[in-house]
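So you know, we letter chains A, B, ... as the sequences are listed, proteins then strands, and number each from 1.
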Amino acid sequence: MPDETIAEAAIRWFRDNARVLPWRHPDAGAWAILVSEVMLQQTPVTRVLPAYEAWLARWPTPATLAADEPGEAIRMWGRLGYPRRALRLHECATAIAERHAGVVPDDLDALLALPGVGAYTARAVAAFAYRQRQPVVDTNVRRFVARAATGLADAGHTTKPADLTATAALLPAEPELAAQASAAFMELGAVVCVARAPRCAICPVVDRCAWRAAGRPALEGPSRRPQTYAGTDRQVRGLLLAVLREAVEPVPRVRLDVVWPEPTQRDRALRGLIDDGLVDPLPGDLFTLPSGR
DNA sequence: AATCCGTGGCG
DNA sequence: TCGCCAAGGAT
């Protein structure tokens with residue numbers, strides 16, 4: 001099919017090769033898709049799957065989550081990481097209940113105004129839940145588009161307006177096909193056009209890939225150095241919050257003190273959690289997950 | 001714009 | 001073993 005566009009080839013491949021994921025099921029509504037998108041922010045699919053099912057079984061609508069305590073959302077989040085996402089998702093559910101009559105909005109600007117919903121998640125919901133023609137650009141799509149359309153080994157570290165433009169240029173005009181193409185681009189980036197060892201041999205777009213045509217040039221710029229985790233405030237925050245997640249009753253400070261020997265960093269981490277609204281201090285030097293009022 | 005924010009699995 | 005990183009967002 002030499003006349004096939006990149007999007008057409010990707011869609012055709014996606015129909016036969018897409019992973020079966022619950023948020024892709026026809027029964028998945030906008031709320032379920034929104035929940036999945038937030039959970040998938042920086043967390044692998046395999047770890048999201050059980051948490052996603054449990055979350056929706058407990059809170060099948062935004063209103064049910066909004067009616068519960070934010071601390072319960074943090075507890076339910078478990079070990080997905082970045083627990084601020086759980087708090088934001090609770091705030092998001094509250095905003096949907098109060099401002100949108102309990103219905104996840106379909107308008108891009110309304111979605112962008114929701115807590116914890118950024119450029120990626122807003123467009124993902126618009127495209128996957130409401131079948132709109134929106135460029136859905138995550139790290140996988142940026143890499144796929146940078147290679148296939150632009151010929152670069154990878155995109156920059158941060159998403160720029162040019163990434164949206166470049167992706168939108170590849171989308172079919174018809175909204176339903178555009179939504180399918182967006183899903184296909186993401187899947188290709190996640191499964192085939194991966195960062196380390198791209199599987200060009202099975203790529204449905206290899207014939208039209210600019211990067212392949214250029215001989216797969218290597219990445220030029222300096223690689224970003226990921227900061228180490230051990231010994232950081234993030235680790236300490238994680239340890240502190242783990243204690244509170246498991247506790248049924250408010251926890252005395254001494255039970256938090258034992259998770260980290262260095263008091264300055266420990267106090268800074270706890271103060272940070274309180275500032276972020278992830279922990280509530282109570283009279284008597286007790287601490288809990290936030291009850292919400 | 002650069003930095004911060006968790007977690008666990010894998011080569 | 002341990003560095004590396006996986007569907008971002010907020011500041």
Atom pair CG (A:Asp280) and CG (A:Leu273), whose distance is rounded to the nearest 0.5 Å: 11.5 Å
Atom pairs, N/O to N/O, protein against nucleotides 8-11 of chain C, distance under 3.5 Å?
from, atom 1, to, atom 2, distance (Å)
C:dG8, OP2, A:Gln42, N, 3.1
C:dG8, OP2, A:Gln42, NE2, 2.8
C:dG8, O5', A:Gln42, NE2, 3.4
C:dG9, OP1, A:Gly118, N, 2.9
C:dG9, OP1, A:Thr121, N, 3.0
C:dG9, OP1, A:Thr121, OG1, 2.7
C:dG9, OP2, A:Tyr120, N, 3.2
C:dA10, OP1, A:Gly116, N, 2.9

Within residues 238-258 of chain A: residues closer than 4.0 Å to DNA chain C (heavy atoms): none
Distance between C1' atoms of C:dA6 and B:dG6 (Å, rounded): 12 Å
Positions of residues 174-191 of chain A (non-hydrogen atom under 4.0 Å from DNA chain C), listed by number: A:Met186, A:Ala190
Nearest-angstrom distance from the residue atom CZ of A:Arg237 to P of B:dT7: 10 Å
Integer angstrom distance from the P of C:dG9 to that of B:dG8: 23 Å
For atom CZ of A:Arg79 and atom P of B:dC5, their distance in whole Å: 17 Å
Distance, rounded to the nearest Å, where A:Leu49 contributes CG and B:dG8 contributes P: 16 Å
A:Glu37 side chain, from C-beta outward: closest of B:dG8, B:dC5, C:dA7: C:dA7
Rounded distance (nearest 0.5 Å) linking atom SG of A:Cys200 with atom CZ of A:Arg147: 7.5 Å
Nearest heavy atoms of A:Val194 and A:Arg143, plus distance in Å: C-NE, 3.6 Å
Distance in Å, A:Ile96 CD1 paired with A:Leu111 CG, rounded so as to fall on 0.5 Å steps: 8.0 Å
Sugar-phosphate only, base, or nothing, as touched by A:Trp77 at under 4.0 Å among non-hydrogen atoms: nothing
Heavy-atom closest pair, residues A:Arg123 and A:Leu108: CG-CD1, 3.7 Å
Where A:Pro115 and A:Glu91 come nearest, the two heavy atoms and their spacing: CB-OE1, 3.7 Å
Connected-component partners of A:Leu286 among ILVMFWY, side-chain separation under 4.5 Å: A:Leu282
Point-to-point distance, once rounded to the nearest 0.5 Å, from CG of A:Asp154 to CH2 of A:Trp211: 9.0 Å
For DNA chain C, the residues among residues 269-278 of chain A that have a non-hydrogen atom under 4.0 Å from it: none
Given DNA chain B, 5'-ward residue of the pair A:Thr46 and A:Thr158, judged by closest heavy atom: A:Thr158
Point-to-point distance, once rounded to the nearest 0.5 Å, from CD1 of A:Ile74 to CG of A:Leu89: 11.0 Å
Ionic contact status for A:Arg255 with A:Glu249, cut-off 4.0 Å: no
ring-ring contact (aromatic ring centres under 6.0 Å, His included) partners for A:Trp55, two or more places apart: A:Trp59, A:Trp77
Short side-chain N/O contact to C:dA6 OP1/OP2 from A:Arg47, under 4.0 Å: no
C1' spacing across the pair C:dT11 / B:dA1, given as an integer number of angstrom: 11 Å
NE2-CG distance between A:His90 and A:Asp68, expressed to the nearest 0.5 angstrom: 6.5 Å
Side chains of A:Gln41 and A:Tyr120, donor plus acceptor under 3.5 Å: no
Nearest atoms (heavy-atom pairs only) where A:Ala10 meets A:Ala184: O-CB, 3.4 Å
Integer-rounded Å distance: B:dC5 P and A:Leu89 CG: 21 Å
Closest to side chain of A:Arg234, choosing from C:dC5, B:dC5, C:dA7: B:dC5
Sugar-phosphate only, base, or nothing, as touched by A:Arg123 at under 4.0 Å among non-hydrogen atoms: nothing
